[in-house]
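The structure appears below as structure tokens.
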Amino acid sequence: MRIAGYIEHPDCKITVFKTGTRYAIKVETGLYEQTFKLREHVGIETFDDVKPLVTEPFIQSCMVRFNDMHQDLTSSISSFLETDEDEFEEII
């Protein structure tokens, strides 16, 4: 796998990878990342063919998904860290 190129955006890092007959679009922000894989075919053969697929609505959808991912993780951590008061013996 090699880096085919980067797509500039102020809110996230977008890297396009090339591996064999596939491209992967990796969108990252903070602790989270999303990867979208495409098979190379007619019309998508180069990095310049992939770039137009990464539209502002596509990125905004990713940002919404990042928010959902953050909420899921935060909720999971919160429920893991909650302790039941009856869980421990009373020490006098």
Side-chain angles (χ1 to χ4, degrees):
M1 183 182 302
R2 67 178 179 81
I3 296 174
Y6 298 96
I7 299 172
E8 296 295 322
H9 195 274
D11 298 326
C12 55
K13 180 180 178 184
I14 304 169
T15 309
V16 177
F17 295 94
K18 173 77 166 98
T19 177
T21 59
R22 289 189 302 175
Y23 282 94
I25 302 167
K26 182 175 173 183
V27 184
E28 301 174 75
T29 185
L31 298 173
Y32 308 103
E33 63 182 49
Q34 299 172 50
T35 303
F36 302 86
K37 296 178 182 178
L38 317 165
R39 285 202 171 97
E40 186 179 272
H41 58 76
V42 176
I44 300 177
E45 299 170 352
T46 67
F47 171 68
D48 288 332
D49 296 331
V50 175
K51 283 171 53 173
L53 301 175
V54 183
T55 62
E56 194 57 33
F58 176 86
I59 294 169
Q60 289 306 313
S61 180
C62 289
M63 299 308 284
V64 168
R65 202 169 300 111
F66 281 134
N67 187 47
D68 291 343
M69 292 168 73
H70 179 72
Q71 289 177 359
D72 291 344
L73 182 61
T74 302
S75 176
S76 182
I77 290 171
S78 292
S79 64
F80 175 76
L81 294 177
E82 287 179 2
T83 59
D84 187 5
E85 290 181 25
D86 295 334
E87 190 175 316
F88 300 104
E89 296 180 18
E90 183 177 340
I91 300 175
I92 302 178

### Message
Between Y23 and F36, does the ring-ring contact (aromatic ring centres under 6.0 Å, His included) criterion hold? Intermediate values first, please.
### Response
CA-CA 8 Å; Y23 282 94; F36 302 86; over 10 Å; no

### Query
Can you check side-chain contact (heavy atoms from CB on, under 4.5 Å) on Y32 and D68, steps first, answer last?
CA-CA 11 Å; Y32 308 103; D68 291 343; over 6 Å; no

### Query
Do H9 and E56 pass the side-chain contact (heavy atoms from CB on, under 4.5 Å) test, and can you show the C-alpha distance, the side-chain angles, and the key distance before you say yes or no?
CA-CA 9 Å; H9 195 274; E56 194 57 33; 3.3 Å; yes

### Test log, rule side-chain contact (heavy atoms from CB on, under 4.5 Å), inputs L38 and I25
CA-CA 8 Å; L38 317 165; I25 302 167; 4.1 Å; yes

### Task
Applying side-chain contact (heavy atoms from CB on, under 4.5 Å), run through F17 and T35 and close with a yes or a no.
CA-CA 10 Å; F17 295 94; T35 303; over 6 Å; no

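A distance-only check finds a donor-acceptor pair linking the side chain of T74 to the backbone of H70 [under 3.5 Å]. Remark: the backbone N or O of C62 is paired with a side-chain donor or acceptor of Q34 at under 3.5 angstrom.
L73 and F66 fall within the same hydrophobic cluster, defined by Ile, Leu, Val, Met, Phe, Trp and Tyr side-chain heavy atoms under 4.5 Å apart, directly or through other members. Under the 4.5 Å side-chain heavy-atom criterion for Ile, Leu, Val, Met, Phe, Trp and Tyr, I3 and F47 are members of distinct hydrophobic clusters. There is a path of hydrophobic side-chain contacts, each under 4.5 Å, that joins L31 to I14. Hydrophobic cluster membership differs between V54 and Y6, with clusters built from Ile, Leu, Val, Met, Phe, Trp and Tyr side chains linked at under 4.5 angstrom.
Contact detail for F58 and V27: the closest heavy-atom pair is CE2-CG2, 4.3 Å. Heavy atoms only, all atoms of each residue included: I59 and C12 are closest at CG2-SG, 4.0 Å. Between E33 and M69 the shortest heavy-atom distance is O-CE, 3.8 Å.
More than 12 non-hydrogen atoms from other residues, nucleotides or ligands lie less than 6.0 angstrom from CZ of R65.
Side-chain N/O atoms of D72 and S75 include no donor and acceptor closer than 3.5 Å.
Separating the CZ atom in R22 from the NZ atom in K37 is a distance of 5.0 Å, to the nearest 0.5 Å.
Sequence neighbours left out, the pairs with a member in residues 10-21 that pass side chain to side chain donor-acceptor pair (under 3.5 Å) are K18-E40.
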